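Contents: one structure, followed by commentary.
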Amino acid sequence: MKFFKVDSYEKLSRQAANIISAQVILKPDCVLGLATGSSPIGTYKQLIKWCDKGDVDFSEVTTFNLDEYVGLDGSHDQSYRYFMNSNFFDHINIRKENTFVPNGCAEDLDEECQNYENMIRKAGGIDLQLLGLGLDGHIGFNEPDEYFCRDTHIADLHESTIKANARFFGDESLVPTQAITMGMVSIMQAKKIILIANGQGKKEILEKAFYGPVTPFIPASILQLHPDITVIYSEN
Ligand code: F6R
């Protein structure tokens with residue numbers, strides 16, 4: 001594991017964007033696994049700038065997002081599809097048909113999970129996975145549990161996650177209680193992983209996840225077993 005502590009969110013974002021750019025430059029038709037939330041916004045902004053300058057080209061890239069809320073369609077401004085379009089995809093030269101986010105409004109959600117899993121396999125798996133870290137140690141929406149959940153599945157969001165995400169919805173009661181999330185197999189089979197976390201609030205869980213025991217009660221702790229993981233942390 002490589003662990004970088006930097007002194008600003010801007011540096012964290014540039015460093016993550018640098019690693020993603022290097023991946024795209026070295027393998028223009030790579031498969032990126034992407035995250036939403038507040039942590040990656042700076043990374044996406046930086047990548048947009050470099051794409052504008054012509055330094056990085058997303059035209060052959062395929063992306064799979066980690067998760068989507070159940071019950072929100074892509075036009076809902078809190079859906080992760082909407083987030084990805086407005087914070088990233090609309091501003092780079094990626095082909096939208098090569099960007100995948102689970103469909104949280106699918107009629108058959110189990111079938112949607114299975115299809116998503118199959119699509120990732122068909123694309124050859126993920127070359128580089130970008131992750132944020134939940135306050136309870138979740139990655140994607142793999143919440144603390146008695147076991148690690150293997151495949152793409154429907155997750156019940158824990159109370160702390162609902163509370164943490166209420167800031168985006170304005171009110172806790174509006175936060176969906178379930179999400180479709182990529183499971184641990186697709187995440188752990190990614191050839192390379194970057195996890196980004198910022199703020200004092202993430203310090204304790206970061207220490208538990210990367211310097212404590214590997215346990216499903218802290219889902220991110222499984223990442224200690226990944227052969228190529230880079231963690232970038234900024235206290236600010
Ligand atoms: C989002 C996701 C979540 C977030 C995590 C941290 O796609 O998968 O695991 O990465 O909840 O969120 P922020 O970055 O908002 O602190």
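A quick note: this is a predicted structure, and the numbers were derived from the prediction, not measured. Both ligands and their constituent atoms are indexed starting at 1 by order of listing.
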Are Phe58 and Phe89 close enough that their ring centers fall under 6.0 Å?
no
Minimum-distance protein heavy atom relative to [atom]:
{"atom": "atom 14 (O) of ligand 1", "answer": "Ser39 OG, 2.5 Å"}
{"atom": "atom 10 (O) of ligand 1", "answer": "Gly132 CA, 3.3 Å"}
{"atom": "atom 16 (O) of ligand 1", "answer": "Lys202 NZ, 2.7 Å"}
{"atom": "atom 5 (C) of ligand 1", "answer": "His138 NE2, 3.5 Å"}

(message) Heavy atom to atom 8 (O) of ligand 1, shortest distance: which of Asp67, Asn65, Thr181, Leu133 holds it?
(response)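 Looking at heavy atoms only, the winner is Asp67.
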Out of Ala197, Ala35, Ser38, Gly140, whose heavy atom is nearest to atom 9 (O) of ligand 1?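 When every heavy atom of Ala197, Ala35, Ser38, Gly140 is considered, Gly140 comes closest to atom 9 (O) of ligand 1.
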How are the rings of Tyr44 and Phe88 set relative to one another: parallel (under 30°), tilted (30 to 60°) or perpendicular (over 60°)?
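Correct class here is parallel.
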Worksheet item: Mind checking whether Phe141 and Tyr69 have parallel, tilted or perpendicular rings, split at 30° and 60°?
Response: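 Geometry flag for Tyr69 against Phe141: tilted rings.
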Within the 4.0 Å heavy-atom cut-off, what Glu143 brings close to ligand 1 is neither
Report task. With heavy atoms under 4.0 Å as the rule, classify the contact between Thr36 and ligand 1 as side chain, backbone, both or neither. Result ->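 For Thr36, the contact with ligand 1 is made by both the backbone and the side chain.
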*From CA spacing to verdict: side chain to side chain donor-acceptor pair (under 3.5 Å), Asn236, Asp7*: CA-CA 7 Å; Asn236 306 302; Asp7 57 19; 5.9 Å; no
Smallest heavy-atom separation, Glu143 atom then His158 atom, equals OE2-N, 2.9 Å
Item to complete: Determine the minimum heavy-atom distance between Ala220 and Ile139, stating which atoms define it.
Response: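 For Ala220 versus Ile139, the nearest heavy atoms are CB-CG2, 3.9 Å.
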Atoms of ligand 1 under 4.0 Å from any heavy atom of Leu66, numbered from 1 in the order shown, are 8 (O)
When you check the gap from the basic side-chain N to the acidic O, do Glu207 and Lys203 get nearer than 4.0 Å? no
Between ligand 1 and Phe141, is the shortest N or O to N or O distance under 3.5 Å?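 Checking ligand 1 against Phe141, no N or O pair falls under 3.5 Å apart.
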